[in-house]
Amino acid sequence: MLSATDLVVRLGSVTAVDGVTLSVERGEMVALVGPNGAGKTTLVKALAGLVRPASGTIAVEGRLAYVPEGRHLFYDLSVEDNLSLGAWRGRDRNPKRIYEVLPGLAGLARRRAGTLSGGQQQMVAVGRALMADPEILMVDELSLGLAPIVVSDLADHLASLHQRHGLALLLIEQNARLAFDLCSRAYVLENGHIVASGSSAELERSEQVRRAYLGVGSTPSKVRSREGDSSESARRDGSA
Amino acid sequence: MSALVEYLISGVAIGCGFALVGSGFVAIFRVTEVINFAQGTFAVVAGFVAYSGLTSAGAPQGVAEALGVLAAGALGLAFGGAAIGRKHTSPLASLVITLGLAVTAYAGEIAIWGDQPISFSGLQGDFVLAGAHLLRQYLLVIGVALLVLLGLGVFFTRTYLGKGMTACASNRFAAEVVGISVRRMGLLSFALGGLLGGFAGVLLIPIQPLSFNSDIDLAISGFAAAIFGGLRSFEMALVGGLVLGVAESLVGGYVQASYETVVALGGMLLLMLWQARRRVELA
Ligand SMILES: Nc1ncnc2c1ncn2[C@@H]1O[C@H](COP(=O)(O)OP(=O)(O)OP(=O)(O)O)[C@@H](O)[C@H]1O
Ligand SMILES: [Mg+2]
């Protein structure tokens with residue numbers, strides 16, 4: 001229901017996405033992993049129709065919603081307004097149904113989004129996307145800045161939306177362990193190219209993927225520096 | 001004493017007009033980041049259309065004035081189409097387009113209405129307050145302007161469409177993410193700017209005759225009012241408009257009419273410098 005064929009996206013002189021072919025079928029949960037600067041964000045922006053590809057085709061069937069990297073809330077509006085604006089193209093603007101999925105938001109409804117903690121903001125961003133009643137949801141960095149318990153809560157919610165309503169998911173995630181656990185299939189993007197793809201189980205077994213994305217065989221300090229990188233990029237994107 | 005009251009009330013009335021023009025700047029800038037230098041044109045055209053409605057078409061006053069305001073709204077939409085209709089036009093390029101449109105509009109205005117100042121009488125009669133005889137039109141201007149600004153506040157904070165426009169002002173990328181067309185909202189903001197300028201025009205023309213090039217004075221005063229709140233706050237545009245209107249009126253009354261704009265704008269500048277300094281100190 002979501003597919004890209006030979007997609008090329010250029011940002012100025014950089015070719016951020018270079019001939020990517022990928023697809024997400026109805027009701028499927030798919031992960032997209034890759035190092036910083038691989039082109040993941042650019043790819044989903046193109047899929048969401050927010051940047052124009054230089055060439056290639058994109059096909060979307062069904063309602064698509066998107067949680068952008070760096071949250072991008074309406075910081076001077078209330079949480080409630082942020083949520084209801086998520087339904088701009090939908091029908092039901094009442095955020096009540098989101099409070100059932102993300103109960104933590106109910107108590108924050110009147111707060112200005114800009115006054116929330118990073119994790120709370122991420123919950124609003126996810127809730128806002130869900131307000132569109134999407135059939136396919138793209139999430140650019142689910143775990144960014146969130147406490148592990150919140151991440152596993154959110155992951156559970158996404159999994160249950162998937163089971164109960166057949167929500168399809170394209171998940172970009174620095175935490176490859178989480179991505180592989182949640183999604184049945186995954187793509188690995190490096191330098192704008194898909195360098196590996198397959199079922200999560202297959203990829204988890206691949207020596208290369210284990211070394212690069214699951215921290216197996218690398219020293220703990222290396223793992224820590226990778227996490228440092230991702231928070232750097234969040235800060236950069238947040239201030240842009 | 002009675003002179004002071006007269007200057008104050010007339011200053012407040014004129015200031016309300018400036019606030020309406022200023023709110024037009026704010027409405028457009030918040031969504032599009034474009035400073036619309038054709039903002040005064042909307043007021044002039046609205047006043048002229050209302051005049052034609054009254055004199056040539058013989059329409060009732062209220063209808064003629066409503067036509068004037070609507071015409072300004074339509075003009076706003078058209079100017080918006082020219083200024084931001086093409087994708088990827090920078091706000092600076094759009095600003096230049098609005099300047100060009102304002103000057104081009106002169107030709108049309110002169111062709112239709114001539115180059116002499118135009119006025120028509122507004123609400124008839126006067127009333128007495130603290131010994132001063134005041135035009136009823138002042139009350140009308142103040143009342144209508146405050147209602148319009150109140151309505152604007154309700155629109156932006158209470159209605160879904162208004163919140164969508166506020167969302168564009170808050171974070172355009174996020175607005176696109178949820179599917180709001182920032183460009184369409186920008187066009188709408190231009191129409192809104194046209195309506196606001198139009199209200200100013202039909203309300204002020206009975207007090208201050210307008211000619212084709214009155215747009216410059218109106219735009220400068222309105223811009224000064226709007227800049228008071230950094231072009232982003234309707235409330236501050238109202239405050240700025242009132243300060244400016246009253247200052248002009250006092251200077252015109254007690255000093256000399258030809259100084260009014262200079263002194264008022266000079267005072268505005270001082271206030272803004274003070275404000276900027278306070279902001280630096282707070283930061
Ligand atoms: N606005 C821009 N102009 C020019 N180049 C850009 C722009 N934004 C991103 N890039 C470049 O495009 C490439 C892909 O960036 P992108 O943000 O898509 O990577 P990413 O995989 O999402 O990285 P991260 O994991 O750090 O979020 C990078 O080389 C980046 O430097
Ligand atoms: Mg990214």
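Just so we're clear, the structure is a prediction, and the values are computed from it rather than from any experiment. In the text below, chain A, chain B and the rest are named by the order of the sequence lines, each starting its count at 1. For the numbers below, each heavy atom of this structure counts, side chains included, while hydrogens, waters and symmetry mates do not.
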When rounded to the nearest 0.5 angstrom, what distance separates CG in Leu95(B) from CZ in Phe29(B)?
-> 10.0 Å
Report the distance from atom CZ of Phe156(B) to atom CZ of Phe234(B), rounding to the nearest 0.5 Å.
-> 4.0 Å
I'd like a table of the N/O donor-acceptor pairs between chain A and chain B - cut-off under 3.5 Å, distance only.
unit_1, atom_1, unit_2, atom_2, d
His72(A), ND1, Asn171(B), ND2, 3.2
Leu73(A), O, Asn171(B), ND2, 3.3
Tyr75(A), N, Ser170(B), OG, 3.4
Asp76(A), OD1, Ser170(B), OG, 2.7
Asp81(A), OD1, Lys163(B), NZ, 2.9
Ser84(A), O, Tyr160(B), OH, 2.5
Trp88(A), N, Tyr160(B), OH, 3.2
Arg89(A), NE, Gly179(B), O, 3.2
Arg89(A), NH2, Gly179(B), O, 3.2

The interface call for Leu85(A) against chain B, heavy-atom contacts under 4.5 Å, is both
Under 3.5 Å, is there a donor-acceptor pair between the Ser143(A) and Glu173(A) side chains?
-> yes
From OG1 (Thr21(A)) to CD1 (Ile194(A)), nearest 0.5 Å | 8.0 Å
When rounded to the nearest 0.5 angstrom, what distance separates CG in Leu203(B) from SG in Cys16(B)?
-> 9.0 Å
To the nearest 0.5 angstrom, please state how far the CG atom of Leu7(A) sits from the CG atom of Leu47(A).
-> 6.5 Å
Picking from Gly114(A), Pro68(A), Gly90(A), Ala132(A), which has the most non-hydrogen pairs under 4.5 angstrom with chain B?
-> Pro68(A)
Engaged part of Ala129(A) at the chain B interface, taking heavy atoms whose separation is under 4.5 Å | neither
Measuring heavy-atom distances to chain A, does Ala169(B) have an atom under 4.5 Å in its side chain, in its backbone, in both, or in neither?
-> neither
Can you sort out the partners of Tyr187(A) under ring-ring contact (aromatic ring centres under 6.0 Å, His included), two or more places apart, ordered by chain and number?
-> none
Which of Leu130(A), Leu171(A), Val139(A) passes side chain to side chain contact (heavy atoms under 4.5 Å, CB included) with Val67(A)? Answer is Val139(A)
